[in-house]
Amino acid sequence: MRSTRRQALLAAGASLLLPASALADVEHDQAKATLAAVLKVEQTALVAYEAIANSGVLKDVLRQFLDQERQHAAQLADALDNLGAKPPIPPRRAGIPGLDNALQSRAAALGFAMELESRAIAAYQAAIDATVDSNVVRTNAGAMGTDAQQLVILRELAGLNPVPHAFETGA
Amino acid sequence: MANERSRREILVASAALAGGASAALIASCGGGNSKTPSTETVSTIQMQDDAAILNTLLDLESSAIVAYGLIAQRVSGRNAALARKLRGHEQAHAAALRRAIPRLGQTPAAPKTAAEYEATFPPLRDERTALSFAVDVEDTAIGAYADAIAKVVTDNVRRLLATIIAAESEHAAVVLGRLGRPQAPAAFVTGPPPPTGSEGG
């Protein structure tokens, strides 16, 4: 029978004679860190997709994505706020690696967006793993599913297999 | 729309009936209180609850495998190839669930016969009806997994369910595209509404 993260934490806490409240703090911090990490990816998508769409590449597709990413970012900011954490500062366009290249061609933009969506899926899965609030878990699962659907759209536009894996783990 | 609703209701009711007590567990676990105590251990009872949830999902996957077998016979060309591929994915999900349940100290439930599952399916008259049924199969799976992931407490199980929800969402997107419908129609995938207590119990 495999022990879970919570059991491991408790075992570690017992050995160090840590109070239960300290263990709760560890989980609280993990939830905040992972939710902030997802929000950072969503914020990057918001800035990058706006820039790419404004350049005229994948305009219609990315406009639809932007509306959905805004809703994802808003719920993540709310979840962080409920945990007493501030959202990360959104990145500047110049600070997003690969964005300048993504503005050069449709193929480059598709590659950039697919990589971003894959990172988002992986980040959501880490957050789902670390979060204990079941409402937040469910909402994040819903957002992750939509990002996976966006990834399918991008793969098809790129002429790739839209569903290459039975288990989607992202990056 | 009425037809779509009835197909989903059939699928959800089928899963609930097959799950029996398991479905009741899904409906009742953690109900009302959204916050699990953050420092609790995963008790034997909680592991049993998680295993029951996985057994219900396993039945849903078994149903999907049979459904895609039937869909593959009703569609042609690249849609048939897609149905066979998605059937393979559902088989992989079922296998993963079958491996996970013993790790929770329980035994995977045996699937029903294909005929029992088929008896709950709507008639698949043509290619479009068959693809629409595939969307319902995926929507039902997404709803069930989303419900389950909010209730399981075993961390590695939760991660497994997350990777499957993402895959089922991708399946839905591809099939929606084949139907000429929006492939990412909502900001949050949710599947159909969960069954009420009377439907699930």
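Below, each value reflects all heavy atoms present in this structure, side chains not excepted, and no hydrogens, waters or symmetry copies. Letters A, B, ... mirror the listed sequences (proteins, then strands); counts begin at 1.
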note = Closest heavy-atom pair, A:Q125 versus B:A166, reported as atoms and distance to 0.1 Å, is NE2-CB, 4.2 Å

query = Should the heavy atoms of other residues, nucleotides or ligands under 6.0 Å from NZ of A:K32 be counted, would the total exceed 12?
reply = yes

task = Side chain from CB out, backbone as N, CA, C, O: work out which of these in A:R70 comes under 4.5 Å of a heavy atom of chain B, or both, or neither.
result = neither

message = To check you understand the geometry: which heavy-atom pair defines the closest contact between A:V163 and B:H89, and what is its length?
response = O-CE1, 3.3 Å

ask   = Between the side chain of A:Q149 and the main-chain N/O of B:S169, is any donor-acceptor distance below 3.5 Å?
value = yes

task = Measure the spacing between CG of A:D129 and CD1 of B:I149 and express it to the nearest 0.5 Å.
result = 9.0 Å

ask   = Side chain, backbone, both or neither: which part of B:L161 has a non-hydrogen atom closer than 4.5 Å to chain A?
value = neither

query = Which one, B:A184, B:A173, B:P182, B:A172, leads in non-hydrogen pairs under 4.5 Å with chain A?
reply = B:A184

message = Is A:E69 in contact with chain B via its backbone, its side chain, both, or neither, using a 4.5 Å heavy-atom distance?
response = neither

task = Please tell me if the side chains of B:F188 and A:Q68 come closer than 4.5 Å, counting only heavy atoms from C-beta onward.
result = no

query = Taking atom OG1 of B:T163 and atom CD1 of A:I128, what is their separation to the nearest 0.5 Å?
reply = 10.0 Å

ask   = Which pair of heavy atoms, one from B:V189 and one from A:A141, lies closest together, and at what distance?
value = CG2-O, 4.2 Å

request  = Please check if the side chain of A:T146 supplies one atom and the backbone of B:A186 the other of a donor-acceptor pair under 3.5 Å.
outcome  = yes

task = Start with the C-alpha distance between B:T190 and A:R138, add both sets of side-chain angles, then the distance that settles side-chain contact (heavy atoms from CB on, under 4.5 Å), and finish with yes or no.
result = CA-CA 9 Å; B:T190 57; A:R138 191 178 179 122; 5.6 Å; no

key: Option that, when pairs with chain B are counted at under 4.5 Å, heavy atom only, ranks first among A:T139, A:V137, A:V136   = A:V137

request  = Would you check if A:N161 and B:K85 make a side-chain contact, meaning some heavy-atom pair closer than 4.5 Å?
outcome  = yes

inquiry  = Show the nearest heavy-atom pair for residues A:V152 and B:Q183, with the distance to one decimal.
reply    = CG1-NE2, 4.1 Å

remark   = Bottom line for B:P185: the part with an atom under 4.5 Å from chain A's heavy atoms is both

message = Looking at B:A167, is its backbone amide N or carbonyl O close enough to the side chain of A:H165 to form a donor-acceptor pair, meaning the two atoms are under 3.5 Å apart?
response = no

key: Any donor-acceptor pair under 3.5 Å from A:E156 side chain to B:G177 backbone   = no

remark   = Whatever's closer than 4.5 Å to a heavy atom in chain B on A:A31 counts as neither

